[in-house]
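Please read the structure below before turning to the comments.
For ligands, and for the atoms within them, numbers begin at 1 and follow the listed sequence. The model shown is predicted, which means the values in this text are computed figures rather than measured ones.
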Amino acid sequence: MPRSRSYAHDYQMACRDPEAFWAEQAARLAWHTAPTVVLRQGEDGQHQWFADGSLNTCWLALDAHVQAGRGEQTAIIYDSPVTQSKQQISYAELTERVSRCAGMLRSLGVGQGDRVIVYMPMIPEAVVAMLACARLGAVHCVVFGGFAAHELAVRIDDARADVLLTASCGVEVDRVIAYKPLVDAAMAEATHKIRHCVVFQRPQCLAPMVTATDLDWLDTVARAEPAAAVPVKATDPLYILYTSGTTGKPKGVVRDNGGHAVAMIYSMQAVYDAGIGDVFWAASDVGWVVGHSYIVYGPLLAGCTTVLYEGKPVRTPDAGSFWRVCAEYGVKTLFSAPTAFRAIRKEDPEAQLAKAYDLSRLERLYLAGERLDPPTWAWLQQHFGLPVIDHWWQTETGWAIASNPAGYELQSSKPGSATWPMPGYQLAILDDEGQPVSAGIQGNISLKLPLPPGCLTGIWGAPERFYEGYLANFPGFYQSGDAGLIDEEGYVFVMGRTDDIINVAGHRLSTGEMEEVLGSHSAVAECAVIGMLDDIKGKIPLGLVVLKNGVQIAEPVLSAELVGLIRRDIGALACFRGALIVKRLPKTRSGKILRRIMRQMVNGEAWSVPSTIDDTDGLDELASQLSALAPC
Ligand code: COA
Ligand code: AMP
């Protein structure tokens, strides 16, 4: 176990005898029925952890703490600069609120295995909703509140959910965004019909209740009896979380109950060195995996106090807000995306605003979601003098694949590296033929099977997408979709995606999905979306479109229309920059669009004509058109 044992010991043990290692970690949980089978392969050939165990994740995250005498400890600190409100909720009170919400869901017919959509802003009811589902053994599908109605409709259809929980609005800095019209549009578009839409009314904007489907949250909860936690099988799904794939259709990553709880408790200690009573703040959103793992489940399972922050790193009201929250609540661990710190650095380059706050209880900064660029790493080191930990993970893994293992012993870090693989993950860098490459050589970062507990158990309703997308290319390995290298000292460097996914302000987006939206415009014959470097957001998407023959439309007009389409169909969070009209898109002989060469052109990088291309006509013209946009 961390602290009493070394990283090297546990890493080796988890490689050599994963069952013994994870059985030991699982023994730390108060199971309903302790598992006797640690690892097995299911009928579909996929690995399953703790298959004959049963538990309730919500009970472990709440009731267990109350029973252990921690009922009065604060479970959630809600801090909302956008609504000028603050709330502290104890474990006892949270247990009560979750039980009532679970009772409400039960009264609406929700039972074990049923899916519930949660489309909520960053308010305590979002956490209550997730835990209430877990309490009943129902499966929550949280959809980030910034997604447009169409994206919500796609998820309603895929999850086939009968109940949707929402709030009347979100607040973006100083703008109130009414959710109900978006939800109504999504419910109208979805072919699967939602039976009950429960709305939490916020004073900033009251939602009109339009049909018999609509229910008021507080009224319905008030009528419900509290519900007790239901034991579920370790392998039963806890949640589905949709993430971008290479196609237009998002993938529903499925997480189980047992492996997830074990991984959360282990990672809270091994990665974050956080335990009972510590104030832990993941400055993200419950709609993303970081929010699931480290706003909700990880800290609560570990008995920490978690911070739920409804605001931005800047403009709510200024670039000192992260430091204000850390000082006010005695945050020990702060976790956010590099983009958030780039935004803060831009507004407050000398970190003057931080100096107004007592940050003596802040011990470490964690970053993930995208590559931590060395200048941001250096800025944080220089101004805060704290360990700055870059750690690498994905929606699919649910917890860090590589990190500086703070719960064992902090290692010296290297800028640009996520340090070492965490125990349980065996990394291999493979070339495109699946052969391992030497230290220092870049390739496909792959994880030897079995994946440790807590990683995805499949793609909802699409086992073939799990196999094709992750397992087929390199037999015996999970293909992460990231390219990178491991150096002579075992440090892992993650360099970027090997597929058409881009990271925009720490949000993972599919360029394929954006291309589908652009392609729906009547003027567009074909198109490509590429990621353009951006100082704050890392990348922002740019569309390159070829017009249909005979179509006359001015570029600014088309660009504005396409921006409107992306905002309507995907959401403003895509930060779609606009579109350029080009004569043609470079393609391989087999007709595959060469996005990479266009990315290099637009980002001012060296490019050369690939051997897979016959027809180089127009490439120079395209290069000069794109390089005009390149950052200086
Ligand atoms: N609901 C509705 N709209 C939302 C939204 C939400 N939950 N989240 C974002 N949006 C909208 C914004 O209002 C903005 O709309 P606009 O173009 O009309 O102004 C657009 O989506 C882009 O938002 P955002 O990416 O947040 O840009 P920003 O300029 O407001 O803020 C950052 C920039 C860097 C401060 C912000 O992106 C940030 O904090 N990122 C961190 C992300 C993160 O935590 N990721 C999780 C991984 S750890
Ligand atoms: P998401 O599933 O949204 O969490 O995004 C996962 C992807 O973000 C990974 O596959 C990486 O491409 C990228 N990513 C996350 N963390 C890091 C990191 N520390 N360094 C580099 N890339 C990262």
#### Entry: Heavy atom of protein closer than 4.0 angstrom to atom 11 (C) of ligand 1
yes

### Message
One pair to check against side-chain contact (heavy atoms from CB on, under 4.5 Å): I441 and I429. What are the steps and the verdict?
### Response
CA-CA 8 Å; I441 305 291; I429 308 292; over 6 Å; no

### Message
I want to confirm something. Looking only at heavy atoms, which of E310, K312, M122 is nearest to atom 23 (O) of ligand 1?
### Response
K312

### Query
Does the gap between the ring centers of Y7 and W420 come in under 6.0 Å?
yes

### Task
Kindly give the heavy-atom pair with the smallest separation between Y470 and R465, and that separation in Å.
CD1-O, 4.2 Å

### Query
Do any nitrogen or oxygen atoms of G506 come within less than 3.5 Å of a nitrogen or oxygen of ligand 2?
no

### Task
Looking only at protein heavy atoms, identify the closest one to atom 13 (O) of ligand 1 and say how far it is in Å.
E172 OE1, 2.7 Å

### Query
Hey, what do you get for CH2 (W217) to OG (S168), rounding to the nearest 0.5 Å?
11.5 Å

#### Entry: R155 NZ/CZ over Y119 ring centroid, <6.0 Å and within 45° of normal
no

### Query
Can the ring centres of W323 and F384 be said to be less than 6.0 Å apart?
yes

### Summary
Within the 4.0 Å heavy-atom cut-off, what C575 brings close to ligand 1 is side chain

#### Entry: Among D318, V325, T316, the one residue meeting side-chain contact (heavy atoms from CB on, under 4.5 Å) with P81
T316

### Task
May I ask you to identify the nearest protein heavy atom to atom 41 (C) of ligand 1, giving residue, atom name and distance to one decimal place in Å?
T339 CG2, 3.6 Å

#### Entry: Check: Y272 ring centre within less than 6.0 Å of H391 ring centre
yes

### Task
Identify the protein heavy atom lying closest to atom 39 (O) of ligand 1, giving its residue, its atom name and the separation to 0.1 Å.
P313 CD, 3.2 Å

### Query
Does the side chain of I501 come within less than 4.5 Å of T243's, by heavy atoms?
no

### Contact atoms of ligand 2, heavy-atom distance to D390 under 4.0 Å
18 (C), 19 (N)

### Query
How close does the nearest protein non-hydrogen atom get to atom 19 (O) of ligand 1, and which residue and atom is it?
R175 NH2, 3.5 Å

### Message
Below 3.5 Å, N or O to N or O, backbone or side chain included: is there any such pair between R567 and ligand 1?
### Response
yes

### Query
For Y309 and W281, what are the C-alpha separation, side-chain angles and deciding distance, and is it a ring-ring contact (aromatic ring centres under 6.0 Å, His included)?
CA-CA 8 Å; Y309 174 72; W281 181 19; 5.2 Å; yes

## Note on the structure
for atom 27 (O) of ligand 1, nearest protein heavy atom and its distance come out as K537 NZ, 3.0 Å

### Query
What residue and atom, counting heavy atoms only, is the protein's closest point to atom 46 (C) of ligand 1, and at what distance?
S284 OG, 3.2 Å

### Message
Any nitrogen or oxygen of A340 lying under 3.5 Å from a nitrogen or oxygen in ligand 1? Just yes or no.
### Response
no

### Message
If we only consider heavy atoms of A283, is any one of them less than 4.0 Å away from an atom in ligand 1?
### Response
yes

#### Entry: Partner residues of R324 under the salt bridge (charged side-chain N to carboxylate O under 4.0 Å, His left out) criterion, sequence neighbours left out
D79, E328

### Task
Would you please name every residue forming a salt bridge (charged side-chain N to carboxylate O under 4.0 Å, His left out) with K180, sequence neighbours left out?
D184, D214

### Interfacing atoms of ligand 1 (cut-off 4.0 Å, heavy-atom, I177)
2 (C), 3 (N)

### Message
Any nitrogen or oxygen of D482, side chain or backbone, less than 3.5 Å from one on ligand 2?
### Response
yes

### Query
Hey, is G170 one of the residues with a heavy atom under 4.0 angstrom from ligand 1?
no

### Query
Taking W399 for the side chain and H260 for the main chain, is one N or O donor matched with an acceptor at less than 3.5 Å?
no

### Query
For R508 and ligand 2, does the shortest N/O to N/O distance drop below 3.5 Å?
yes

### Message
Apply side-chain hydrogen bond (donor to acceptor under 3.5 Å, both in side chains) to residues Y294 and T333 and explain how you reach the verdict.
### Response
CA-CA 11 Å; Y294 298 114; T333 314; over 6 Å; no

### Message
Show me which atoms of ligand 2 lie under 4.0 Å from any heavy atom of V494.
### Response
21 (C), 22 (N)

### Query
After noting the C-alpha distance and the side-chain angles of L241 and H292, does the key distance pass the side-chain contact (heavy atoms from CB on, under 4.5 Å) rule?
CA-CA 9 Å; L241 179 58; H292 281 60; 3.6 Å; yes

### Task
Run down the list H391, E396, E370 and name the one with the heavy atom closest to atom 20 (N) of ligand 2.
E370

### Query
Does T395, backbone or side chain, put an N or O under 3.5 Å from an N or O of ligand 2?
yes

## Note on the structure
Check: of A343, S336, A572, G291, min heavy-atom distance to atom 15 (O) of ligand 1 comes from A572

### Query
Is ligand 2 under 4.0 Å from a heavy atom in the side chain of V290, in the backbone, in both, or in neither?
neither

### Task
Quick one: look up the protein heavy atom nearest atom 30 (O) of ligand 1 and list residue, atom name and how far away it is.
R315 NH2, 2.8 Å

### Message
Please report whether ligand 1 has a polar contact with D285, defined as an N or O pair separated by less than 3.5 Å (distance criterion only).
### Response
no

### Message
Could you check whether any heavy atom of A418 sits closer than 4.0 Å to an atom of ligand 2, since that is the contact criterion I want to use?
### Response
no

### Query
Between the side chains of Y478 and T397, does any donor sit under 3.5 Å from an acceptor?
no

### Message
Which residue and atom name correspond to the protein heavy atom nearest atom 16 (N) of ligand 2, and how close is it?
### Response
G369 N, 3.1 Å

### Query
Side chain or backbone of Q394 under 4.0 Å from ligand 2, or both, or neither, by non-hydrogen atoms?
both

### Query
Which one holds for H507 and ligand 1: side chain close, backbone close, both close, or neither close, with close meaning a heavy atom under 4.0 Å?
side chain

### Task
Could you list which atoms of ligand 1 come closer than 4.0 Å to a heavy atom of V290?
48 (S)

#### Entry: Closest protein heavy atom to atom 6 (C) of ligand 2, given as residue, atom name and distance to 0.1 Å
W393 O, 3.6 Å

### Task
Report yes if some heavy atom in the side chain of R345 is under 4.5 Å from a heavy atom in the side chain of H383; otherwise report no.
no

### Message
Give me the residue, atom name and distance of the protein heavy atom closest to atom 37 (O) of ligand 1.
### Response
A505 CB, 3.4 Å

### Query
With ring centroids as reference points, do Y425 and W393 lie under 6.0 angstrom apart?
no

